[in-house]
Amino acid sequence: MAPETGSDALSASSAATYALRYVGELITSEPTSVTSVEPADDDGWLVEVEVLEERRIPSSADMLALYEVELDPDGALLAYRRTKRYARGRAGTGNGVS
């Protein structure tokens, strides 16, 4: 899945694509979008992915989560973690419900 070692540097858009794919494979919830991509301290990437964790009626009551995905410079998954959980439209700032 990840580019071959020694290939050209991984772009931010490729890192986002890999992160979405990894999250989709690792959890049962639906990844919906990438909310941020930034270089990691070790030349890899930190990507934040928004996930629809619970569909509710009405949809404004859906529960979403943010996952942080850490990729190495070649696009291989190093780590992922849920960093925040919140109701749609109430993301705000700071720590969310775990």
Side-chain angles (χ1 to χ4, degrees):
M1 174 180 331
E4 292 181 23
T5 302
S7 62
D8 292 336
L10 186 68
S11 68
S13 63
S14 292
T17 299
Y18 284 116
L20 276 171
R21 192 177 308 154
Y22 285 130
V23 170
E25 291 174 359
L26 293 168
I27 64 173
T28 58
S29 302
E30 176 187 343
T32 59
S33 63
V34 170
T35 60
S36 71
V37 179
E38 63 184 72
D41 293 337
D42 62 352
D43 296 329
W45 293 96
L46 289 177
V47 183
E48 190 174 64
V49 176
E50 187 174 59
V51 172
L52 175 60
E53 290 204 328
E54 291 180 40
R55 285 192 188 276
R56 296 185 176 170
I57 298 175
S59 62
S60 60
D62 287 349
M63 291 303 295
L64 303 172
L66 291 177
Y67 283 78
E68 181 181 86
V69 180
E70 184 178 351
L71 304 176
D72 75 7
D74 295 317
L77 178 67
L78 296 175
Y80 85 103
R81 66 194 64 77
R82 183 172 70 183
T83 58
K84 189 175 188 179
R85 190 164 192 254
Y86 54 94
R88 185 181 299 276
R90 296 185 189 207
T93 57
N95 293 332
V97 178
S98 309

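Every heavy atom of this structure was used, including side-chain atoms; hydrogens, water molecules and symmetry mates were not.
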Could you give the distance from [atom1] ([X]) to [atom2] ([Y]), rounded to the nearest 0.5 Å?
{"X": "D43", "Y": "L71", "atom1": "CG", "atom2": "CG", "answer": "13.0 Å"}
{"X": "L66", "Y": "E50", "atom1": "CG", "atom2": "CD", "answer": "6.0 Å"}
{"X": "E30", "Y": "E54", "atom1": "CD", "atom2": "CD", "answer": "13.5 Å"}
{"X": "R85", "Y": "M63", "atom1": "CZ", "atom2": "CE", "answer": "4.0 Å"}

From the options E53, R81, K84, select the one residue that forms a side-chain contact (heavy atoms from CB on, under 4.5 Å) with Y67.
->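 Exactly one pass, corresponding to E53.
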
Across all chains, not counting sequence neighbours, the side-chain contact (heavy atoms from CB on, under 4.5 Å) partners of S36 are E48

Residues passing the side-chain contact (heavy atoms from CB on, under 4.5 Å) test with L46, sequence neighbours excluded, are E38, A40, E68, E70

Here the pair of heavy atoms bringing L20 nearest to V49 is CD2-CG1, 3.7 Å

| R82 and A65: which non-hydrogen atoms are nearest, and at how many Å? |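 Here R82 and A65 meet closest at CD-CB, 3.7 Å.
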
Look at the side-chain heavy atoms of Ile, Leu, Val, Met, Phe, Trp and Tyr, link any pair under 4.5 Å apart, and say whether L26 and V34 land in one connected group.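 Yes, one cluster joins them.
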
Is there a side-chain contact between V23 and V47 in this structure, where contact means two heavy atoms from C-beta onward sitting under 4.5 Å apart?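 Side chain of V23 against side chain of V47, heavy atoms only: no contact under 4.5 Å found.
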
With a 4.5 Å cut-off on side-chain heavy atoms, are V69 and W45 touching?
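Not in contact.
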
- Query: Is the count of non-hydrogen atoms from other residues, nucleotides or ligands lying under 6.0 Å from R55 atom CZ greater than 12?
  - Reply: no

Under 3.5 Å donor-acceptor pairs involving side-chain atoms of residues 9-17, not counting sequence neighbours:
| unit_1 | atom_1 | unit_2 | atom_2 | d |
| --- | --- | --- | --- | --- |
| S11 | OG | S13 | OG | 3.3 |
| S11 | OG | S14 | N | 3.1 |
| S11 | OG | S14 | OG | 3.1 |
| T17 | OG1 | S13 | O | 3.1 |

Can you tell me if D72 uses its side chain to pair, donor with acceptor, with the backbone of D74 under 3.5 Å?
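Pair found, side chain donor or acceptor close to backbone of D74.
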
